[in-house]
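Have a look at the structure below before the remarks.
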Number of protein chains: 2
Amino acid sequence: MLELRSLPTDCAKRRQESVCSACGARAFSVCSSLDSSDLAGLDAIAERVTLKAGEALIREGDPAVHLFNITSGSVRIYKLLPDGRRQITGFLFAGDFVGLATGQDYAFSGEAIEDATLCRFRKADYRALIRERPLLEEALLDRATHELAAAQNQMLLLGRKTAQERIASFLLDLPTRDPLRPSTEDQVRLPMTRSEIADYLGLTIETVSRVLTKLKTTGVIRLLSLNELRIEQPDRLRDIAEGEV
Amino acid sequence: MLELRSLPTDCAKRRQESVCSACGARAFSVCSSLDSSDLAGLDAIAERVTLKAGEALIREGDPAVHLFNITSGSVRIYKLLPDGRRQITGFLFAGDFVGLATGQDYAFSGEAIEDATLCRFRKADYRALIRERPLLEEALLDRATHELAAAQNQMLLLGRKTAQERIASFLLDLPTRDPLRPSTEDQVRLPMTRSEIADYLGLTIETVSRVLTKLKTTGVIRLLSLNELRIEQPDRLRDIAEGEV
DNA sequence: CGCAGCCTTGACCATTATCAACGCTGGTGG
DNA sequence: CCACCAGCGTTGATAATGGTCAAGGCTGCG
């Protein structure tokens with residue numbers, strides 16, 4: 001019923017993934033590994049959910065009764081200002097958790113970017129379960145601290161990087177986080193629109209478009225289609241991302 | 001030897017604080033409360049550290065052997081780009097943890113803003129201890145998810161708010177996080193320099209200075225000294241912070 | 001084939017960065 | 001005890017990055 005496996009990925013940092021095959025819940029663990037008994041019981045409290053592209057998962061301000069684990073597809077989470085300005089705070093993929101944060105209400109909204117399947121848990125059930133699964137809780141803590149590190153990188157990007165540096169960082173980072181990406185490292189799938197990229201990087205769609213065009217004309221990347229590109233000069237892109245230009 | 005107490009604070013959201021009186025370690029808990037037995041053993045593996053203003057706690061890239069809990073003073077954590085651009089990703093105060101993230105090396109640097117005292121733990125010891133203290137681990141997970149929520153707010157600020165909105169948000173947020181702040185809500189202590197505020201908000205010192213001057217001349221705040229100000233019109237400041245102007 | 005939605009490109013503009021000068025303040029040493 | 005200096009902060013003039021507004025192109029679907 002449960003299995004422990006490695007993701008079929010070329011990502012430099014391979015991650016161990018534990019999949020509850022009954023309910024599909026995934027619990028990545030970077031430094032502690034889980035065995036079957038840690039995941040037993042998840043299927044009893046899990047509920048499968050299917051979302052079409054664009055459908056909402058959670059809405060900022062609603063009571064936080066559920067938490068989710070993505071099993072396929074991709075999700076955007078974002079916050080809005082009253083006048084409609086949007087900041088996408090994360091793109092989430094298979095294996096990621098949504099709504100872990102304690103707190104009365106959700107602090108952000110979440111929607112499917114493309115068709116997605118998820119596992120839904122009642123938060124109370126989940127908390128009760130992990131209380132009896134210390135290793136599962138440890139894995140969640142690992143995950144949370146890793147997301148914190150990623151959030152700090154994103155703050156550096158938003159606070160101090162130029163438009164070109166942001167795009168370069170984004171293109172390098174994205175494939176390391178989507179387990180469903182194509183197998184070659186330099187091929188980048190962009191399941192999101194320009195508008196979503198812009199709202200993730202703190203830019204406008206026009207700037208995103210212009211920078212991509214510039215990277216294309218300088219030969220650093222090649223646009224295969226709107227949602228697919230190849231990194232032709234990875235070293236160059238890395239230099240750009242870190243401001244070494 | 002251990003006590004559970006409430007912080008002497010006027011903060012809207014009162015936090016329960018567990019203090020290990022032997023070693024001074026603090027473990028805030030927002031939704032689960034800890035009792036003495038959960039903290040027992042901390043003093044055996046803790047080491048007290050004193051830092052003078054400006055001294056480094058951890059350095060980005062160094063092996064991550066220790067983690068810290070701040071017992072007094074304040075700390076800045078930040079990341080640098082190769083050319084020296086700095087993004088301060090957080091100001092931390094008494095009760096906050098530094099270096100929780102799993103991972104070979106520290107992903108950011110940390111320095112004391114003002115004289116500070118801390119508890120230092122060897123990470124391996126700490127992980128071994130919390131493995132036997134599920135409630136302590138749960139408290140850490142709570143804390144981590146809360147910091148994630150704070151990080152998302154900061155991303156919204158950095159990605160989508162104007163300079164004036166950033167400063168307003170900062171002035172409203174800061175006093176809710178420093179347990180050592182003066183007791184009145186509208187009095188804000190700024191232990192950090194303009195340069196640090198700028199690097200936290202993704203601005204320059206000149207812009208910080210100009211916006212503060214503007215808020216002063218419009219009567220929203222009053223500068224008592226360089227490091228102390230009063231919020232004269234909290235509602236107005238809240239509106240500005242959310243872009244309702 | 002036509003339309004809607006998304007993307008690109010161009011011209012212009014505004015916010016904020018940069019560069020520069022000056023002022024305040026606290027600490028030190030004569 | 002006062003004067004000077006260093007460091008930080010403020011203010012002003014100018015510049016640049018990226019935003020805004022506008023028009024046109026591509027693409028996929030009905």
Side-chain angles (χ1 to χ4, degrees), chain A residues 52-54 76 81 83-88 113-114 157-171 188 190-218 221-229 240 243 245, chain B residues 52-54 76 81 83-88 113-114 157-171 188 190-218 221-229 240 243 245:
Chain A
K52 291 216 188 318
R76 58 175 174 255
L81 287 171
D83 64 4
R85 277 173 286 172
R86 175 177 70 165
Q87 178 65 39
I88 292 182
I113 292 176
E114 47 189 348
L157 180 151
L158 292 170
R160 287 297 178 223
K161 289 191 180 179
T162 65
Q164 177 160 290
E165 289 160 6
R166 295 181 200 199
I167 300 278
S169 304
F170 174 67
L171 294 180
V188 183
L190 299 171
M192 64 291 290
T193 65
R194 299 289 185 268
S195 165
E196 289 167 336
I197 297 173
D199 283 351
Y200 181 60
L201 300 178
L203 301 170
T204 59
I205 52 174
E206 292 92 335
T207 299
V208 171
S209 182
R210 277 187 253 269
V211 171
L212 284 176
T213 300
K214 187 178 168 196
L215 289 175
K216 187 181 65 181
T217 54
T218 55
I221 63 171
R222 177 200 305 250
L223 294 171
L224 305 177
S225 74
L226 271 182
N227 299 316
E228 195 90 13
L229 62 81
I240 294 175
V245 176
Chain B
K52 292 218 188 316
R76 58 174 175 254
L81 287 171
D83 65 3
R85 278 173 285 171
R86 176 177 70 167
Q87 178 66 39
I88 292 182
I113 292 177
E114 48 189 350
L157 180 150
L158 292 170
R160 287 298 178 220
K161 289 190 181 179
T162 66
Q164 178 160 290
E165 290 160 5
R166 294 181 201 200
I167 298 278
S169 304
F170 174 67
L171 294 179
V188 183
L190 299 171
M192 64 291 291
T193 64
R194 298 289 186 269
S195 166
E196 288 166 337
I197 296 173
D199 283 350
Y200 180 60
L201 299 178
L203 301 170
T204 58
I205 51 174
E206 292 93 334
T207 300
V208 170
S209 183
R210 277 187 252 270
V211 171
L212 284 176
T213 301
K214 187 178 168 197
L215 289 174
K216 187 181 68 181
T217 53
T218 54
I221 63 172
R222 176 199 305 250
L223 294 172
L224 305 176
S225 74
L226 270 182
N227 299 315
E228 195 90 13
L229 60 83
I240 294 174
V245 176

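What's counted below: heavy atoms across the whole structure, side chains too, no hydrogens, waters or symmetry copies. Just so we're on the same page: letters track the sequence lines, and every chain starts at 1.
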ask   = Looking at side-chain heavy atoms only, is the closest gap between A:Arg166 and A:Val208 below 4.5 Å?
value = no

note = In whole angstroms, the gap separating C1' of C:dT15 from CD1 of B:Ile167 amounts to 14 Å

query = Are any non-hydrogen side-chain atoms of B:Glu196 and B:Leu190 less than 4.5 angstrom apart?
reply = no

ask   = Are the side chains of A:Arg85 and B:Thr162 in touch, meaning some heavy atoms are under 4.5 Å apart?
value = yes

ask   = So do the side chains of B:Met192 and B:Arg76 get within less than 4.5 Å of each other, counting heavy atoms only?
value = no

task = Quickly work out the B:Asp199 CG to C:dA17 P distance and round it to whole Å.
result = 11 Å

remark   = B:Asp83 atom CG is separated from C:dT18 atom P, nearest whole Å, by 10 Å

query = Separation of A:Glu228 atom CD from D:dT27 atom P, in whole Å?
reply = 15 Å

Where protein sits on nucleotides 5-10 of chain C, one letter per nucleotide: B base, S sugar-phosphate only, - none, heavy atoms under 4.0 Å = --SBBB

ask   = Rounded to whole angstroms, how far apart are CG on B:Leu203 and P on D:dG18?
value = 15 Å

note = In whole angstroms, the gap separating P of C:dA17 from CG of B:Leu201 amounts to 11 Å

ask   = Side-chain contact, heavy-atom cut-off 4.5 Å: B:Leu212 with B:Arg194?
value = yes

request  = Measure the distance from CG on B:Leu224 to C1' on D:dG9 and round it to the nearest whole Å.
outcome  = 17 Å

query = Between D:dG18 atom C1' and A:Lys214 atom NZ, what is the distance in whole Å?
reply = 13 Å

inquiry  = Any side-chain to backbone donor/acceptor pair from B:Gln87 onto B:Tyr200? Under 3.5 Å, distance only.
reply    = yes

